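Remarks on the structure that follows.
Just so it is clear, the structure is predicted and the values come from calculations on it, not from any experiment. Positions are given from 1, in the same order as the sequence printed here. No hydrogens, no waters, no symmetry mates; every other heavy atom, side chains included, goes into these values.
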Amino acid sequence: MQYFPTRLSSDLLHAMRHRADIDAVLDRYRTKKDPAAAAASQKKKPQQQKKVDEAELEAAEGSGAADEDDGSGNSAGYFPYKPYCGNCEKDLTVVTSYDDDTTELNYTCSACGFAETVRLNEFNRGKLVWKVDWPMRWAYEGVIFEPSGVDHSSPGSSFVVGGQIVREVFDGVQPIGPMYAFVGISGMAKMSSSKGGVPTPADALKIMEAPLLRWLYARRKPNQSFKIAFDQEIQRLYDEWDSLGRKVADGTVLPADAAAYARAVRTAAGELPSTPRPLPYRTLASVADITAGAEDQTLRILSELDPENPLTSLDEARPRLDRAENWITTQVPAEARTIVRDEADKELLGSLDDQGRESLRLLLEGLDTHWSLDGLTTLVYGVPKVLAGLEPDAKPTPELKAAQRSFFALLYRLLVSRDTGPRLPTLLLAVGAERVRRLLGA
């Protein structure tokens with residue numbers, strides 16, 4: 001419940017006395033086209049016409065700030081005040097009459113049917129509707145700066161209407177109000193504190209390092225909407241983040257990107273913790289997927305990524321490794337996890353044509369000399385080129401790309417019984433050379 005101190009109670013009574021003026025301001029927007037309907041109509045327009053900004057669509061469908069209860073729709077007249085029911089304590093009440101001189105107010109509760117008569121100058125169990133309460137508090141508190149979401153700045157919403165109410169009713173000044181856009185989640189609806197059931201920043205920090213999360217905010221203006229990736233997009237974000245880090249290190253970074261990077265990696269208290277060996281997130285996630293968190297297997301695979309500079313301890317890959325493991329275990333559905341076969345698929349191996357058998361022979365023949373992440377990458381992409389009579393470093397053609405996809409699908413079916421999976425070089429390292437040979441029919 002909201003309880004009003006003496007001055008706020010005076011402003012509340014002032015709002016009730018000037019309810020006709022408030023109603024007139026609100027009425028200027030009640031004839032406006034509903035934002036959600038306008039957005040839906042815009043979606044149906046031909047492709048060549050300008051699309052409604054995504055943030056505006058989310059505003060129309062989001063928190064409901066533009067179409068929230070403003071006290072209208074009462075057959076007894078307009079009243080900007082909502083009492084809390086004296087019986088059930090809900091605010092589902094309807095004011096049926098009000099006397100300006102005595103401040104006597106009558107209301108009924110649509111939830112439980114309770115009715116009551118109170119004197120508003122003595123009553124403190126209620127609130128002004130939001131579109132009136134907000135400008136009243138601007139005037140009372142002398143607010144000069146208050147950012148708000150894009151939903152509060154859409155036509156007819158709280159900030160827009162409040163600017164007129166604070167001037168015309170409360171003799172105040174609308175604060176400077178920079179608009180900030182929404183933060184979404186990949187594959188999910190807009191985050192809404194009122195709806196609940198969505199990830200929080202603390203959840204995001206379980207699957208990504210703090211500098212990356214800070215960078216998602218730091219590289220954009222407040223009025224630019226963006227999404228935080230809890231799906232496969234997190235791998236691309238990490239690739240982009242690592243690329244930026246390399247540009248910072250070699251001095252080729254653009255000034256704006258350098259500023260965003262600096263804000264992301266350090267705070268006023270100092271530099272944030274970082275991973276000593278920042279291996280690609282997608283590689284760490286693939287390894288975590290295949291090993292199910294077994295540290296000895298994880299270290300074996302990661303140490304083979306770069307034989308000339310092998311990883312000697314998993315601590316070198318942390319905290320990024322821990323974040324990737326958390327992402328695999330909490331965000332990747334069980335049916336999408338990778339399970340390596342125990343035995344070779346003899347039926348599939350027996351059905352291969354000469355080209356299929358030759359492609360496996362070339363791969364197995366090159367395992368020992370290409371047993372590193374870069375080497376296996378060259379090998380798996382090069383086998384279809386050699387089969388086509390080309391050099392391993394030949395530039396791909398559309399036909400060659402089709403052959404590579406077919407070869408990759410064959411390897412996935414033989415290794416994990418699916419047509420897709422983690423990147424093949426990482427998968428081969430994870431499975432191990434001996435087991436790869438066995439599953440590929442050597």
If we only count heavy atoms from C-beta on, is the Ser243 to Glu240 side-chain gap below 4.5 Å?
-> no
Can you tell me if Arg341 uses its side chain to pair, donor with acceptor, with the backbone of Arg413 under 3.5 Å?
-> no
Examine distances only and state if a side-chain atom of Ser225 and a backbone atom of Phe182 form a donor-acceptor pair shorter than 3.5 Å.
-> no
Mind jotting down which residue pairs meet the ring-ring contact (aromatic ring centres under 6.0 Å, His included) criterion with at least one end in residues 306-338? Sequence neighbours excluded, please.
-> none
Measuring from Leu272:CG to Arg214:CZ, what's the distance to the nearest 0.5 Å?
-> 5.5 Å
Look up atom CZ in Arg423 and atom CZ in Phe408, then write down how far apart they are to the nearest 0.5 Å.
-> 9.5 Å
Report, as yes or no, whether the 6.0 Å neighbourhood of atom OH on Tyr381 holds more than 12 heavy atoms from other residues, nucleotides or ligands.
-> no
CZ (Arg320) and OG1 (Thr283) are apart, to the nearest 0.5 Å, by 10.0 Å
Spatial distance of atom CD (Glu209) from atom OG1 (Thr275) [nearest 0.5 Å] = 3.5 Å
Within a strict 4.5 Å, meaning less than it, do heavy atoms of the Pro83 and Leu105 side chains meet?
-> yes
Determine yes or no for a side-chain-to-main-chain donor-acceptor pair under 3.5 angstrom, with Arg300 supplying the side chain and Ala430 the backbone.
-> yes
Got more than 12 heavy atoms from elsewhere within 6.0 Å of CG, Leu92?
-> yes
Would you check if the side chain of Lys385 reaches a backbone N or O of Pro392 as a donor-acceptor pair within less than 3.5 Å?
-> yes
Please work out which of the three classes, parallel, tilted or perpendicular, describes the rings of Trp138 and Trp134, given edges at 30° and 60°.
-> tilted
May I ask you to test the Met136-Leu128 pair for a side-chain heavy-atom distance under 4.5 Å?
-> yes
Would you say the side-chain atoms of Ser406 pair up with the backbone N or O of Ala402, donor to acceptor, closer than 3.5 Å?
-> no
Residue set satisfying salt bridge (Lys or Arg N to Asp or Glu O under 4.0 Å) with Lys401, at least two apart, ordered chain then number -> none
Any donor-acceptor pair under 3.5 Å from Tyr412 side chain to Pro422 backbone | yes
Under 3.5 Å, side chain of Glu316 to main-chain N/O of Ser313, donor-acceptor pair present?
-> yes
ring-ring contact (aromatic ring centres under 6.0 Å, His included) contacts in which one or both residues fall within residues 93-112, not counting sequence neighbours | none
Shortest non-hydrogen separation from Ala288 to Arg337 and the atoms involved | O-NH2, 4.2 Å
Looking at residues at least two apart in the chain, or sitting in another chain, which of them share a ring-ring contact (aromatic ring centres under 6.0 Å, His included) with Phe114?
-> none
Heavy-atom side-chain contact between Arg435 and Val340 under 4.5 Å = yes
Tell me, do Cys85 and Cys112 make a side-chain contact under 4.5 Å, heavy atoms counted?
-> yes
Do you know the tightest heavy-atom contact between Leu429 and Ser372?
-> CD1-C, 4.3 Å
Salt-bridge present (Asp91, Lys127; N to O < 4.0 Å) | yes
Check whether any side-chain heavy atom of Val150 lies under 4.5 Å from a side-chain heavy atom of Asn223, and answer yes or no.
-> no
Please say whether more than 12 non-hydrogen atoms of neighbouring residues, nucleotides or ligands are located less than 6.0 Å from CG in Asp393.
-> yes
Could you tabulate the donor-acceptor pairs under 3.5 Å formed by side-chain atoms of residues 12-19, not counting sequence neighbours?
| unit_1 | atom_1 | unit_2 | atom_2 | d |
| --- | --- | --- | --- | --- |
| His14 | NE2 | Val169 | O | 2.6 |
| His18 | ND1 | Asp21 | OD2 | 3.0 |
| Arg19 | NH1 | Met16 | O | 2.5 |
| Arg19 | NH1 | Asp100 | OD1 | 2.9 |

Would you check if the distance from the ring center of Phe170 to the ring center of Tyr140 is below 6.0 Å?
-> no
For Thr96, side chain to side chain donor-acceptor pair (under 3.5 Å) partners two or more places apart = none
Run the salt bridge (Lys or Arg N to Asp or Glu O under 4.0 Å) check on Glu146 and Arg137 step by step: do they pass?
-> CA-CA 12 Å; Glu146 184 170 9; Arg137 291 175 186 272; over 6 Å; no
Side chain to side chain contact (heavy atoms under 4.5 Å, CB included) evaluation trace for Ser158 with Ser148 = CA-CA 10 Å; Ser158 310; Ser148 60; over 6 Å; no
Check: Asp257 main-chain N/O paired with Arg219 side-chain donor or acceptor under 3.5 Å = no
Applying side chain to side chain donor-acceptor pair (under 3.5 Å) to Asp203 and not counting sequence neighbours gives Thr200
Could you check whether the rings of Trp130 and His152 sit parallel, tilted or perpendicular, using 30° and 60° as the cut-offs?
-> tilted
Over all heavy atoms of both residues, which pair between Ile207 and Ile234 is shortest? Give the atoms and the distance, please.
-> O-CD1, 3.5 Å
May I have all residue pairs that pass ring-ring contact (aromatic ring centres under 6.0 Å, His included) and include part of residues 266-305, sequence neighbours excluded?
-> Tyr238-Tyr281
Listed partners of Tyr180 passing ring-ring contact (aromatic ring centres under 6.0 Å, His included), at least two apart | none
Could you walk me through whether Val161 and Val25 pass the side chain to side chain contact (heavy atoms under 4.5 Å, CB included) test, one step at a time?
-> CA-CA 7 Å; Val161 173; Val25 172; 4.1 Å; yes
Sorted by chain and residue number, the side-chain contact (heavy atoms from CB on, under 4.5 Å) partners of Val265 (sequence neighbours excluded) come out as Pro211, Trp241, Tyr261
Drop me the distance from Ser186's OG to Gln232's CD, to the nearest 0.5 angstrom.
-> 11.0 Å
Partners passing side chain to side chain donor-acceptor pair (under 3.5 Å) against Thr291 (at least two apart in sequence or in another chain) | Thr298
Taking atom OH of Tyr84 and atom SG of Cys109, what is their separation to the nearest 0.5 Å?
-> 12.5 Å
Is any side-chain heavy atom of Leu279 less than 4.5 Å from a side-chain heavy atom of Leu305?
-> yes
Could you walk me through whether Leu424 and Leu376 pass the side chain to side chain contact (heavy atoms under 4.5 Å, CB included) check?
-> CA-CA 8 Å; Leu424 277 169; Leu376 289 172; over 6 Å; no
Does the side chain of Tyr81 reach to within under 4.5 Å of the side chain of Thr93, using non-hydrogen atoms?
-> no
Could you give me the CA-CA distance, side-chain angles and deciding distance for Ile22 and Lys131, then say whether side chain to side chain contact (heavy atoms under 4.5 Å, CB included) is met?
-> CA-CA 10 Å; Ile22 294 172; Lys131 287 185 179 180; over 6 Å; no
Can you sort out the partners of Asp23 under side chain to side chain donor-acceptor pair (under 3.5 Å), two or more places apart, ordered by chain and number?
-> Arg30
Given the rule in the salt bridge (Lys or Arg N to Asp or Glu O under 4.0 Å) test, do Arg236 and Asp239 qualify, once you have shown the distances and angles that lead to the verdict?
-> CA-CA 5 Å; Arg236 189 198 64 77; Asp239 289 344; over 6 Å; no
